[in-house]
2 protein chains.
Amino acid sequence: MDLPIRLAKDSKTPIYHQIEEQVKALIAGGHLQAGTALPSIRALSKELEISVITTRRAYLNLEQQGFIKTTQGKGTFVAEVEADKKKEVTVAAIYQALEKGIETGLRHDYSIEQIEEVFTEIIAKLKEKGEKANGELD
Amino acid sequence: MDLPIRLAKDSKTPIYHQIEEQVKALIAGGHLQAGTALPSIRALSKELEISVITTRRAYLNLEQQGFIKTTQGKGTFVAEVEADKKKEVTVAAIYQALEKGIETGLRHDYSIEQIEEVFTEIIAKLKEKGEKANGELD
DNA sequence: TATACTGTGTATATAGATATAAACAGTATA
DNA sequence: TATACTGTTTATATCTATATACACAGTATA
């Protein structure tokens, strides 16, 4: 099973953290159901072309946060996560991410209207590509 | 002179990079005019309660990118930056930041409409606080 | 039972980020 | 000229992130 995860190589964000965030989003958003088997740390490290230590770090953190459950010899599975928690994680993540985007605009001295314009433009491009369905941007 | 810079301590982004991005935004957005003196690396390190090495790293990178100009013994000043470059930096930064926010929403299985809702909510809060004027979010 | 997978632990190594400190060289002012 | 600032260089140190490798223990299947 391949996870739809992409690493931004030019990003200053640690790799393990990128993995963590993306897996969390998939779980909170319902793409990954409780009980679903995740790729092994070795498989994921091969797929993403990174070290096992790094994938392990991501999985460890996710397990500590209650999103996954790991058993030696068996593998790693999506945990049961309360709907409330999923909702909370989702809302917080999206709110913060959008807030950050808006803040970037303001910091560049863009007006709210200008920021809205850019936002609308991106959304328009999305609709044009029908990207709602596959859920990703380039 | 105090720079309106804030470090996100819980962020995984390196400190020097946070400084870099924020100073770049201030310059590109016109908040900092060419010739303006920036705080010395020592003053900034004191203000932000970080190491001189870290502030220097940020300033070095900004200088390499042509945003500032540094002279031993005199200090560091905002460089002349072409309007085209400023515009490009601004548009790219805002576009990418908003795009990332939208992507976060999609990854959490939010529809475009839902994402728009959150965006609108944030903007409404902004307008409510009259934050357009001071240009920052909490 | 052997093999192939799984996670866990350990080791070594390198690069990056950041801290503190000291010294040197340049600038500005009293 | 002394002092206070400026940036530059160097050194030492610690922590984090990541890489590679190996061995151990657990699971599943042929």
Side-chain angles (χ1 to χ4, degrees), chain A residues 1-3 5-24 32 34-79, chain B residues 1-3 5-24 32 34-79:
Chain A
M1 184 262 200
D2 279 2
L3 282 181
I5 283 191
R6 281 192 299 196
L7 302 178
K9 288 294 171 68
D10 58 329
S11 171
K12 297 283 189 187
T13 308
I15 295 176
Y16 75 85
H17 194 251
Q18 289 183 50
I19 297 172
E20 213 179 302
E21 290 305 309
Q22 290 184 41
V23 172
K24 202 186 297 184
L32 291 175
T36 307
L38 297 179
S40 74
I41 54 176
R42 289 186 175 93
L44 190 60
S45 82
K46 269 202 178 65
E47 187 192 330
L48 300 178
E49 295 181 318
I50 58 176
S51 157
V52 170
I53 286 286
T54 307
T55 56
R56 190 157 164 242
R57 175 76 188 279
Y59 275 13
L60 272 179
N61 289 348
L62 283 165
E63 180 159 26
Q64 277 172 9
Q65 292 167 56
F67 289 98
I68 61 176
K69 195 157 179 50
T70 280
T71 312
Q72 179 168 347
K74 298 189 64 166
T76 298
F77 303 85
V78 178
Chain B
M1 183 260 199
D2 278 2
L3 283 182
I5 283 189
R6 282 192 298 197
L7 302 179
K9 290 293 173 63
D10 59 328
S11 169
K12 298 283 187 184
T13 308
I15 295 176
Y16 74 85
H17 194 252
Q18 289 183 50
I19 296 171
E20 214 178 302
E21 292 304 307
Q22 291 183 40
V23 171
K24 202 186 299 184
L32 291 176
T36 308
L38 297 179
S40 74
I41 56 176
R42 289 185 175 92
L44 190 61
S45 82
K46 270 201 175 65
E47 185 190 333
L48 300 178
E49 295 181 318
I50 57 174
S51 157
V52 170
I53 287 286
T54 306
T55 56
R56 185 155 171 255
R57 176 74 187 280
Y59 276 13
L60 272 180
N61 289 349
L62 283 165
E63 181 159 26
Q64 276 171 11
Q65 292 166 57
F67 289 98
I68 61 176
K69 195 158 180 50
T70 281
T71 314
Q72 180 167 346
K74 297 189 63 165
T76 298
F77 304 84
V78 178

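Scope of the values below: all heavy atoms of this structure, side chains included, with no hydrogens, waters or symmetry mates. Per chain, numbering begins at 1; letters A, B, ... match sequence-line order.
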Does any non-hydrogen side-chain atom of A:Leu38 lie less than 4.5 Å from one of A:Thr70? no
Among D:dT6, C:dT18, D:dT8, the one nearest B:Ile53 by side-chain distance: C:dT18
Measure the distance from CD1 on A:Ile41 to C1' on D:dA21 and round it to the nearest whole Å. 14 Å
Return the nearest nucleotide to the side chain of B:Ser51; candidates are D:dA25, C:dA19, D:dA19. C:dA19
Quick one about A:Ser51 and A:Ser45 (side-chain donor to acceptor, distance below 3.5 Å, no hydrogens or angles considered), yes or no? no
Output the rounded distance in Å from NZ (B:Lys12) to P (C:dT18). 13 Å
Any N/O donor-acceptor pair, B:Arg42 side-chain to D:dG7 base, under 3.5 Å: yes
Starting at atom CZ of B:Arg57, determine the distance to atom P of D:dT10, rounded to an integer number of angstrom. 17 Å
Among the nucleotides D:dT27, C:dG9, C:dA19, whichever has the atom closest to the side chain of A:Arg56 is C:dG9
If you check every side-chain atom of A:Ile50, which of C:dG26, D:dA19, C:dT6 has the closest atom? D:dA19
Identify, between A:Gly73 and A:Pro14, the residue whose nearest nucleotide on DNA chain D lies closer to the 5' end. A:Pro14
Can you tell me how far C1' of C:dG7 sits from CG of A:Leu62, to the nearest Å? 15 Å
At under 4.0 Å between heavy atoms, what does A:Tyr16 touch on the DNA or RNA strands: base, sugar-phosphate, or nothing? sugar-phosphate
Report yes if some heavy atom in the side chain of A:Leu48 is under 4.5 Å from a heavy atom in the side chain of A:Ile19; otherwise report no. yes
Sort out the partner of C:dA13 for me: Watson-Crick or G-U wobble, both distances under 3.5 Å, none otherwise. D:dT18
A:Leu38 or B:His17, whichever maps to the more 5' nucleotide of DNA chain C: A:Leu38
